[in-house]
2 protein chains.
Amino acid sequence: MAQAAPDATLRRFSGYGMKRAFNGIQADLSATLQPFGLRMVTFSALVVIHDNPGLRQTRLAGVLAIERPNLVAILEDLERADLIARTRAETDRRAYELSVTAKGRTLCQQAMAAVVDHDRRMTRGLSADESATLQKLLRRIEGNGRTPHDRRKISRA
Amino acid sequence: MAQAAPDATLRRFSGYGMKRAFNGIQADLSATLQPFGLRMVTFSALVVIHDNPGLRQTRLAGVLAIERPNLVAILEDLERADLIARTRAETDRRAYELSVTAKGRTLCQQAMAAVVDHDRRMTRGLSADESATLQKLLRRIEGNGRTPHDRRKISRA
DNA sequence: TATTGTTATACTCTATAACTATA
DNA sequence: TATAGTTATAGAGTATAACAATA
């Protein structure tokens with residue numbers, strides 16, 4: 001009989017397995033995106049802007065579940081690399097409408113291909129059905145979680 | 001027909017769904033552990049030491065997949081709270097053997113109960129079979145990932 | 001020489017408060 | 001007053017190089 005793994009107790013928790021799995025993904029994804037000058041979060045922003053031209057910053061922050069202040073540096077990154085453009089909204093001069101430049105579109109497509117490849121590596125050994133099941137289960141868990149500002153009380157045992 | 005979600009493209013990637021789900025778990029788990037004066041990583045360390053008395057620091061770092069230098073502050077946290085003890089190994093005076101104090105054992109059990117509760121909240125809507133499937137799939141993905149120091153090259157598209 | 005634990009350090013990610021300019 | 005974007009800042013988390021003590 002095999003000796004129990006040293007972290008067997010933690011392995012019973014869904015969060016632990018998820019963190020361990022995500023760490024591996026993150027390392028591979030970061031390495032995948034580096035040749036494109038992108039980080040995980042700049043890639044995500046670029047893709048969402050690509051798919052939703054005219055998007056405003058506050059909305060983008062909401063979609064990606066990041067705080068507005070943190071988005072500023074991200075968009076500066078993308079703008080400095082000439083991948084996106086910010087144009088003042090005509091109807092509301094406080095807001096910017098985000099769009100992808102020609103250069104951004106090209107890079108987005110190339111990076112997408114590399115990330116599709118990355119995702120195939122990460123899900124190696126999983127059937128298409130299993131991958132779909134995984135996504136479905138993760139989505140349900142996401143709905144059960146809380147957002148950082150969520151101050152619901154938790155009773156101490 | 002419903003409009004596609006703004007992040008529909010990203011939702012196809014397993015890493016994105018995993019990050020979103022884990023964010024929700026992390027926020028809830030941090031709130032769960034706060035009353036015990038524990039963070040995710042100090043809780044993990046406490047549990048592993050509890051289950052593996054006599055463990056050395058280098059080994060613990062390996063088990064939890066964290067860097068040795070980062071473990072130092074974590075163990076100082078636990079030691080200052082009188083939850084663990086470090087005793088010089090008799091056979092190797094460079095090394096410490098880690099163990100849980102009586103106070104640590106009690107807190108570990110209380111925190112465990114709270115985390116079991118937390119995990120039930122997070123997996124609400126999942127059957128026991130589905131939870132097990134999730135763990136199994138995450139474990140396979142973990143094996144496909146890379147470790148941070150892993151410098152394997154990735155071809156650019 | 002190699003290993004255990006440590007120090008110092010730096011970089012990323014992320015959360016909050018408060019500001020500005022418009023509305 | 002409220003909202004869009006911004007600035008400043010602070011706290012985690014985490015990675016690397018280099019050191020002292022011991023093997």
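Source: prediction; values computed, not measured. Side-chain atoms are counted along with the backbone in the values below, which use heavy atoms only and exclude waters and symmetry mates. In what follows, chains carry the letters A, B, and so on, assigned in the order in which the sequence lines appear, proteins first and then strands, with residues in each chain numbered from 1.
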Inset, instruction - Would you please say whether a donor-acceptor pair under 3.5 Å links the side chains of B:Asp82 and B:Thr101? - result: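 No - no donor-acceptor pair under 3.5 Å links their side chains.
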
Inset, instruction - For A:Thr123 and B:Arg140, test the side chains for any donor-to-acceptor distance below 3.5 angstrom and give the result as yes or no. - result: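 No pair is found: no donor N or O on one side chain lies under 3.5 Å from an acceptor on the other.
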
Legend entry - Any N/O donor-acceptor pair, A:Asn70 side-chain to C:dA15 base, under 3.5 Å: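 Yes, a donor-acceptor pair under 3.5 Å.
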
Please report the distance, rounded to the nearest Å, between [atom1] in [X] and [atom2] in [N].
| X | N | atom1 | atom2 | value |
| --- | --- | --- | --- | --- |
| A:Leu75 | D:dG5 | CG | C1' | 10 Å |
| A:Met40 | C:dC13 | CE | P | 7 Å |
| A:Gln57 | C:dT22 | CD | P | 15 Å |
| A:Ile66 | D:dA12 | CD1 | P | 21 Å |
| A:Gln34 | D:dA15 | CD | C1' | 14 Å |
| A:Leu33 | C:dC13 | CG | P | 11 Å |
| A:Leu71 | C:dT12 | CG | P | 17 Å |
| B:Arg68 | D:dC19 | CZ | C1' | 15 Å |

Need one value for [X]: base, sugar-phosphate or nothing, where a base atom within 4.0 Å counts as base even if backbone is also close, heavy atoms only.
| X | result |
| --- | --- |
| A:Arg88 | nothing |
| A:Glu67 | base |
| B:Pro69 | base |

Legend entry - Flag if over 12 foreign heavy atoms under 6.0 Å of CZ, A:Arg11: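 Check passes, neighbour count above 12.
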
Report yes if a side-chain nitrogen or oxygen of [X] is closer than 4.0 Å to either non-bridging phosphate oxygen (OP1 or OP2) of [N]; otherwise report no.
| X | N | answer |
| --- | --- | --- |
| A:Arg86 | D:dA4 | no |
| B:Thr58 | C:dG5 | yes |
| A:Lys19 | D:dT14 | yes |

Legend entry - Worked verdict on B:Arg56 versus B:Tyr96 for side-chain hydrogen bond (donor to acceptor under 3.5 Å, both in side chains): CA-CA 6 Å; B:Arg56 311 268 175 96; B:Tyr96 286 114; over 6 Å; no

Inset, instruction - Could you pick out which residue, A:Asn23 or A:Glu97, lies toward the 5' side of DNA chain D when each is mapped onto its nearest nucleotide? - result: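 Its nucleotide being nearer the 5' end, the pick is A:Glu97.
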
Legend entry - Residue mapping more 5' on DNA chain C - nearest nucleotide basis, A:Arg94 or A:Val41: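 First, find each residue's nearest nucleotide; the 5'-ward one identifies A:Val41.
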
Inset, instruction - From the options B:Glu97, B:Glu76, B:Gln57, select the one residue that forms a side chain to side chain donor-acceptor pair (under 3.5 Å) with B:Arg86. - result: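 For B:Arg86, the side chain to side chain donor-acceptor pair (under 3.5 Å) test succeeds with only one of B:Glu97, B:Glu76, B:Gln57, which is B:Gln57.
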
